[in-house]
Amino acid sequence: MHRRHKKSGGKHKNRNRGGHDTAAQRDDDEENRPQGEEEEAEEQGKGKGDADAPQQPQFQGLTGPVEVKNSEIMGRYLVASRDIAAGEWILRSLEPLVVGPCQGGRPALCLACHVQLGLPLRLGAHCPRCGLPLCSADCPGPYHAAECALLVAGGATPLAPDLLDVRPDLYNAIVPLRCLALRDADPEKWAAVNQMEAHNDVRRARPAIWQANEQLVVEPIRSAWRLASRFSADEVHTVCGVLEVNAFEVGPQGCSVRALYPAAYLMSHDCTPNTSHADDAERRLSVRATLAIPKGQPVTLSYAYTLQGTLRRRQHLREGKFFDCVCRRCSDKTELGTFCSALICPKCGEARVLPTDPLDEASAWECVACAQYSANAASVDLLLRRLGDQAEAIDANDVHEFEAFITKHEKLLPPCHYLMLGAKHSLCQLYGKAAEYLISDLSDDMLRRKRDLCQQLLPLIDLLEPGLSRLRGTILYELHAPIMVLATRAFETRSINKKDLQQQMRRVAQCLEQAAQILALDPEDSPERQMADAAAQALVQVNEWRRQIGNNQKC
Ligand SMILES: C[S@@+](CC[C@H](N)C(=O)[O-])C[C@H]1O[C@@H](n2cnc3c(N)ncnc32)[C@H](O)[C@@H]1O
């Protein structure tokens, strides 16, 4: 699974947050420059006649080939300050401002080192000072000290040792508390957090969000943990907003950790992003270009899953990031020619049932092939929710269930549908890795299935996450193995000749070379980097075989 970015940034005034379009995104640079510079100067404390005032760096961590622009619609965003090459680092090893468990995160984590804890928590260890769960009472992990000091100072400690077991919802309050602790403990970091957008006005008008935060964060911090005299309800709500809009999901898969970073939060969203980001073992974040970015163009990332359809992505962005995306992909009913939201028409059988206006969630869906079929928006939404829930419920390691999902819905969803792509993406990794599906155990049919899944995904990924994207790198890596094993098996049984074998091995080498190139850009301790190392080693071996079978031409 590629990671979802959660986040947003900075305190801007009078900003129209109704949406943006890519033209506006570019044009407003010129129109708004004077205003942007004024705002920026104000935020730095510059331009107020105090020449001796210490000049804060405007944005911490902003050292790469980027600069900040302002737009009426998007607020601040990053653009390339010079031409940036694909693969080039844009932001490097940014230290997190704050790190901690995800909202509603599962499983439970040690609050000092973030290792996963078994459940129930009452079997585990607890901090001897405040009572919150740790993996061992003296865990030396760096993350817990700040909230521990606050809780002890508040006087509500030690908490009942099974508190988070009884009320796991209190995990929601940990990162907000860590943010609030910065106010006194680290004013520089606190200033950086305070630069970030919280969208309080929009969030206050949405009772589901505001009340949930009131109950899960404001009340525990101010009442249960007796910190009402230290932090106002507004302050707590603001850090909740900052986290909702700006936090990145980080850590190894399944670890449920989120973090705020300086500078990186300024990247605007695009459903076809031109960067990729990754964090290392210390949760430092780096951002690199996946495509060449010409000087002056926005440097973007996707706040949503790219393997989701427009309807779902836009809902996620509206509900969680508080804007209406009108990017190139969202505005195009075919989603850049991928047709990844299209449904199969029950009248003509073509996969051409599309929203009449993809930017209007209430617009009807119609078959653009036969014009004989239409469905109302609500029924399509319901159908996609139902099928999406079924896909979500599949055990992540269950090959059979993913295959069954694809077979069950193939009359409704075309092979390119995003729900099919999600299932295929899981399958192309599981064949060759899951128990009972190790690569050497796979039948030729299964190997062909893995190969075909990868080959179906790649052209679509080239449109949705083009360039040196991690998704592309991992699929290329997955693709090399079935081609290689099928070719060697076929050569051994003399079903193919030497020339065919050479051709297949050339393809294998190409996949490995590209996969290694892309994945080597990830941090040293990441699974992707391990995959890159494996690809590089395999490439040496494959090139040696190619030399032995008489083709030493480099791919
Ligand atoms: C992580 S922040 C990005 C930095 C933010 N613009 C700022 O000035 O602090 C995310 C917020 O930026 C705005 N934004 C980002 N990308 C956008 C886009 N493509 N269209 C409209 N607004 C966008 C939205 O207000 C969103 O909630």
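Remember, it's 1-based here, ligands and their atoms both numbered in the order they're listed.
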Exercise for the section: Count the heavy atoms belonging to other residues, nucleotides or ligands that lie under 6.0 Å from CD of Gln390, then report whether that count exceeds 12. Expected result: yes

Exercise for the section: Mind checking whether Phe323 contacts ligand 1 via backbone (N, CA, C, O), side chain (CB onward), both or neither, at a 4.0 Å heavy-atom cut-off? Expected result: side chain

Fill in the blank from the handout: Numbered in order shown, the ligand 1 atoms found under 4.0 Å of a heavy atom of Lys321 are 26 (C), 27 (O)

Practice task
Ignoring hydrogens and angles, state whether a donor on the side chain of Thr290 or Glu465 is under 3.5 Å from an acceptor on the partner side chain.
Solution key: no

Practice task
Could you tell me whether some N/O pair between Ser268 and ligand 1 is separated by less than 3.5 angstrom?
Solution key: no

Fill in the blank from the handout: Only one of Arg313, His417, Glu335 passes side-chain hydrogen bond (donor to acceptor under 3.5 Å, both in side chains) with Ser341, and that residue is Glu335

Practice task
Could you tell me which non-hydrogen atom of Leu421 sits nearest to which non-hydrogen atom of Cys340, and how far apart they are?
Solution key: CD1-CB, 4.3 Å

Handout entry: From the candidates His199, Lys69, Glu197, Met74, the one that places a heavy atom nearest atom 25 (O) of ligand 1
Key = His199

